[in-house]
2 protein chains.
Amino acid sequence: MLKGDGGRVNPVIGKFERFVRLSPAEHQAIEALAGLPTHRVPARQDLVREGDRPTSVFVILDGWACRWKSLADGRRQILSLLLPGDFCDLHGFLYQEMDHSLGALSRVRAVEIPRQAFARLLASSERINQAMWWSELTSAAIQREWTINLGQRSAFERIAHLLCETFTRLDAIGLTRDGSCEFPLVQQDLADATGLTAVHVNRTLQELRRRGLIRLAERRATILDRPALEELAEFDAAYLYLEVRRR
Amino acid sequence: MLKGDGGRVNPVIGKFERFVRLSPAEHQAIEALAGLPTHRVPARQDLVREGDRPTSVFVILDGWACRWKSLADGRRQILSLLLPGDFCDLHGFLYQEMDHSLGALSRVRAVEIPRQAFARLLASSERINQAMWWSELTSAAIQREWTINLGQRSAFERIAHLLCETFTRLDAIGLTRDGSCEFPLVQQDLADATGLTAVHVNRTLQELRRRGLIRLAERRATILDRPALEELAEFDAAYLYLEVRRR
DNA sequence: CGATGGCTTGAATCGGCTCAAAGCTTGTGG
DNA sequence: CCACAAGCTTTGAGCCGATTCAAGCCATCG
């Protein structure tokens, strides 16, 4: 548990401001989180394990993490991707025991907000409280979309959809450039996220590349033909609620 | 939009009291919801459609509903089951547009809580607010479990798991008797919930029956060998957080 | 009673899996 | 700077779980 350099919690502010306009005081309350202990977790290591008794809420400042859970015989499912600005586990706020694990996919920097401090933050401002609801409801919408992905879409569509969604989420927080973004998942991770095998993911990626839709190499992804990819995946960003403030 | 008979909102109270002990005033605030318009929706009809602009939150008083969404070519996914006491769509509370539909699986009775009234209820009591978070976080946990179901489990395990989960949820609200419960889903619904085809669901159910694990007929399900079914499904009720108050 | 919706069965097919081996990168230590 | 290990990616061949298509059955109901 290394104390970090107290980097700014910008991703959260940027995220919340997509939904509500924060007052200077609210702004400050969130910036203050940067004073809390910062963890640096190396890639492929867990932040929290299933069964742990959480006493705090984590916020990703930097890097990619995921929720995951596995079955007795080793089958593993990645349940969701956690990107900078994401709160991972309000669970810690109310529950006694984690029902899943949190793992780092790349090197991750995260702040740990103790239960009490988190409760105080929520209570301090109606707008922050609302923003937190909005954040959580959006996660729920993403989780539903994954449910459809796994339940109804073909291997092709699943991977295309995952790429569209992830790219769009990154884009919203300013982490893409020229249609390209970091992509720390290896093929086995993609397999665990899409309910396929790594071998089949490999063949599917080849086909996506052959069709000129994507480039995926050296931990980077590039969307070469976004309209075509989104059509293939039947991707509609509406469920991500990226432009809520425009009401 | 028929006005109902103002039946009691008991399922919500029972549910919340699994998590917090409500004061008489809080009790009353929730009972008061029964004064709101009650809808009676016939089986197989939608309460809310994707794209609708929600202005209220629904609570199921009676009967089974589901969230669902379909792809352009007609593939349909049931995203979750909504049972008595469940809030369907806090979405309506914050969002402009439904990203999925709400459908009745059996005859359903539901109250409609206008945005404002819902916000007032949340603001009126810290405990109710917490209970609502708990309710929402539990839904999220269920949705994650469905993600694993669809991503990693075989047809057999999927159906077994769905039965275990649903039975346990019903049990918690007193809607089972002697290992048996209502079960309004037809095989096509089971297929849409588990990401299988109706034909395969049929064959899988036969095998479950042949092994003496379940009975399923005339809109009723009976679990004949619960331990065996739970083991087969690798079902562990922990994620449903049924005994939170015992802290 | 015919129509309708749900359940069951069979046969052929296929998308994705398994197993196995080989090529490629990347990082590490000597 | 090389050598080797470890982890990732790629390829091939055979297989299997689940799908598709099609037909028949059974109950319910206007």
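Throughout, a chain's letter reflects where its sequence line sits, starting with A, and its residues are numbered from 1.
- Looking at heavy-atom distances under 4.0 Å, B:L196 makes contact with sugar-phosphate atoms alone, never a base.
- Within 4.0 Å of B:R219, counting heavy atoms only, lie sugar-phosphate atoms of the nucleic acid but no base atom.
- B:H200 places its NE2 atom 19 Å from the C1' atom of D:dA22, with the value rounded to the nearest Å.
- At whole-Å resolution of the value, CG in A:N202 and C1' in C:dT25 are 15 Å apart.
- Distances shown here put a side-chain N or O of A:R209 below 4.0 Å from the OP1 or OP2 atom of D:dT10.
- B:Q187 has its CD atom 16 Å from the C1' atom of D:dA18, to the nearest Å.
- Here C:dG27 presents its C1' atom at 15 Å from CZ of A:R44, a figure rounded to the nearest Å.
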Evaluate salt bridge (charged side-chain N to carboxylate O under 4.0 Å, His left out) for B:D225 paired with B:R211, printing each intermediate quantity in order.
CA-CA 10 Å; B:D225 186 344; B:R211 294 205 202 170; over 6 Å; no
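- Of the options B:R76, B:Q77, B:R75, a side-chain hydrogen bond (donor to acceptor under 3.5 Å, both in side chains) to B:D192 is made by B:R76 and by none of the others.
- Remark: C1' of C:dT26 and CZ of A:R220 are 19 Å apart, rounded to the nearest angstrom.
- Checked by atom type, the side-chain pair A:S135/A:Y241 shows no donor-acceptor distance below 3.5 Å.
- Following rounding to the nearest Å, A:Q188 (CD) and D:dG7 (P) show an atom-to-atom distance of 13 Å.
- Aromatic pair B:H39/B:F58: ring centres closer than 6.0 Å.
- Here A:R153 lies out of heavy-atom contact (under 4.0 Å) with every strand.
- Regarding A:E218, its CD atom lies at a distance of 11 Å from the P atom of C:dG27, rounded to whole Å.
- Spacing between atom CZ of B:R203 and atom P of C:dT9 amounts to 9 Å, rounded to whole angstrom units.
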